[in-house]
Amino acid sequence: MAKTTHFGYREVDVEKKQGLVREVFDSVAGKYDLMNDVMSLGTHRLWKNYTIASSNVTKGDHVLDIAGGTGDLAIKFRKKVGASGKVILSDINNSMLDDGRRNLINHGIIDVEFVQANAEMLPFEDNTFDCVSIAFGLRNVTNKDIALQQMYRILKKGGTLLVLEFSKVENEILNLLYQKYSKLIPLFGKIVVGNSEPYEYLIKSITKFINQEELIDLMKKNKFEVCSYRNLSGGIVAIHSG
């Protein structure tokens, strides 16, 4: 079993990555949504809206949003499942959960459950959820195989996993422009948050993450079936389902 893994471009001990990732999100939690708007020019909200629209979630369903952060997806899932359904927002980072609670309360939502949890050790029974989602969180997980096995375990038979994640741009010209723009994001972080280092990590983590087909293969390796993906914004992000 590998004893090291990547943290951005650095190789670190496996047991240390989780703490390093937690520090990154602790440092940006208060301005997470603002910085997302700056980095994506607001497009992250369209990506998340598309994820919700393309899900097969209906009234009465039980949904788990992993790495749910400030609750963007949870708010929308709550509306889809209705009063008879249930939505749980989980995140490994308590600072992000606190922001999520405030955000949902500001939207008048008080019936979403919050659970601090590691994606590799989900504290839920087998066959619990109709849908499990993870947006921009899978690339930060240390052992993605174990996390996907956990997601498969807690899904009901016929349930759906949705993975919204940065991916690989397929058009050469768009990719060139995207790479140039990405180099500016740490500067934006310095201006908006007062710290460029978390965003240097985030950009490097995107660069190191696997491509669309490799994620499909990883999902199939961990028992998911009927796996597919759709590129959004030319492959800057992709939504995978299984």
Side-chain angles (χ1 to χ4, degrees), residues 22 25 29 32-33 36 44-141 144 146-165 219 222-230 237 239-242:
R22 184 182 292 113
F25 286 93
Y32 184 77
D33 281 338
N36 278 348
H44 77 103
R45 299 182 185 276
L46 300 178
W47 296 334
K48 292 171 182 174
N49 286 340
Y50 184 87
T51 300
I52 298 293
S54 63
S55 75
N56 59 357
V57 170
T58 60
K59 291 190 182 301
D61 280 354
H62 287 202
V63 177
L64 172 66
D65 184 30
I66 299 172
T70 55
D72 289 351
L73 290 182
I75 290 169
K76 296 175 174 60
F77 276 130
R78 178 66 262 179
K79 294 176 181 178
K80 288 204 76 170
V81 303
S84 60
K86 183 176 184 178
V87 175
I88 297 177
L89 189 162
S90 78
D91 201 292
I92 195 172
N93 188 285
N94 191 56
S95 298
M96 296 298 293
L97 284 177
D98 285 342
D99 270 6
R101 290 187 186 94
R102 285 190 290 269
N103 194 23
L104 266 67
I105 289 172
N106 288 340
H107 281 80
I109 298 173
I110 59 173
D111 54 356
V112 166
E113 184 178 341
F114 294 84
V115 176
Q116 187 171 2
N118 183 342
E120 297 175 34
M121 297 181 290
L122 296 172
F124 307 106
E125 295 183 0
D126 297 359
N127 308 310
T128 298
F129 297 99
D130 301 283
C131 178
V132 171
S133 64
I134 179 167
F136 307 118
L138 187 61
R139 73 183 189 282
N140 295 315
V141 173
K144 296 169 182 58
I146 292 177
L148 287 169
Q149 290 163 20
Q150 286 286 297
M151 296 174 203
Y152 183 87
R153 176 184 65 79
I154 63 175
L155 275 167
K156 296 178 183 177
K157 185 176 181 179
T160 301
L161 170 67
L162 296 173
V163 180
L164 178 64
E165 189 54 90
M219 291 169 66
N222 290 289
K223 299 183 179 180
F224 286 95
E225 300 175 352
V226 196
C227 298
S228 63
Y229 72 88
R230 175 166 292 188
V237 303
I239 179 170
H240 285 68
S241 64

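Hydrogens, waters and symmetry mates play no part in the numbers below; they use all other heavy atoms, side chains included. Residues take their numbers from the sequence shown, with the count starting at 1.
- Side-chain contact of Asn56 with Thr160: a donor-acceptor pair under 3.5 Å is present, judged by distance alone.
- Considering only heavy atoms from C-beta on, Lys76 comes within 4.5 Å of Asn49 through its side chain.
- In this structure, Asp130 contributes its side chain and His62 its backbone to a donor-acceptor pair below 3.5 Å.
- Counting heavy atoms from C-beta on, the side chains of Gln116 and Ile92 never come closer than 4.5 Å.
- Closest non-hydrogen pair, Lys156 versus Thr128, comes out as CE-O, 3.3 Å.
- Closest heavy-atom contact between Met219 and Gly242: CE-N, 3.7 Å.
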Subject >> Step-by-step side-chain contact (heavy atoms from CB on, under 4.5 Å) determination, Glu113 to Val87 >> reply: CA-CA 7 Å; Glu113 184 178 341; Val87 175; over 6 Å; no

Original post:
Under the side-chain contact (heavy atoms from CB on, under 4.5 Å) criterion, do Ile239 and Tyr50 qualify, and how do the steps go?
Top reply: CA-CA 9 Å; Ile239 179 170; Tyr50 184 87; 4.1 Å; yes

Subject >> Test side-chain contact (heavy atoms from CB on, under 4.5 Å) applied to Ile134 and Asp65, step by step >> reply: CA-CA 6 Å; Ile134 179 167; Asp65 184 30; 5.6 Å; no

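- Separation of atoms CG (Asp91) and CD1 (Ile66) is listed at 10.0 Å; rounding is to 0.5 Å.
- If you take CD on Gln150 and CG on Leu64, they are separated by 11.0 Å, rounding to the nearest 0.5 Å.
- Val141 has its side chain within reach of Glu120: a pair of non-hydrogen atoms, C-beta onward, lies under 4.5 Å apart.
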**OP:** Apply side-chain contact (heavy atoms from CB on, under 4.5 Å) to Val132 and Leu122, showing your working.
**Re:** CA-CA 11 Å; Val132 171; Leu122 296 172; 5.9 Å; no

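- Here Asn127 contributes atom CG and Leu155 contributes atom CG; the two are 9.0 Å apart, rounded to the nearest 0.5 Å.
- Rounded to the nearest 0.5 Å, atoms NZ (Lys48) and OG (Ser133) are 11.0 Å apart.
- What you find for Arg78 and Val112 is that their closest heavy atoms are CD-CG2, 3.9 Å.
- Taking CG from Asn93 and CG from Asn118, the interatomic distance works out to 12.0 Å, rounded to the nearest 0.5 Å.
- Inter-residue side-chain proximity for Asp72 and His44 is flagged as met; some heavy-atom pair is nearer than 4.5 Å.
- Applying the ring pair (Phe, Tyr, Trp, His ring centres under 6.0 Å) test to pairs two or more places apart or on separate chains, those with a residue in residues 102-128 are Phe124-Phe129.
- The two residues Cys131 and Val57 come nearest to each other via the heavy atoms CB-CG2, 3.7 Å.
- Looking at every heavy atom in both residues, Leu97 comes nearest to Ser90 through CD2-C, 4.2 Å.
- Side chain of Asp98 to backbone of Ser95: no donor-acceptor contact under 3.5 angstrom is found.
- In this structure, CZ in Phe224 is found 6.0 Å from CG in Leu148, a value given to the nearest 0.5 Å.
- Within the 4.5 Å cutoff, side-chain heavy atoms of Asn103 are placed close to those of Ile75.
- Heavy-atom minimum distance, Leu89 versus Ala74: CD1-CB, 3.7 Å.
- Judged as a salt bridge (Lys or Arg N to Asp or Glu O under 4.0 Å), and not counting sequence neighbours, Lys223 has no contacts.
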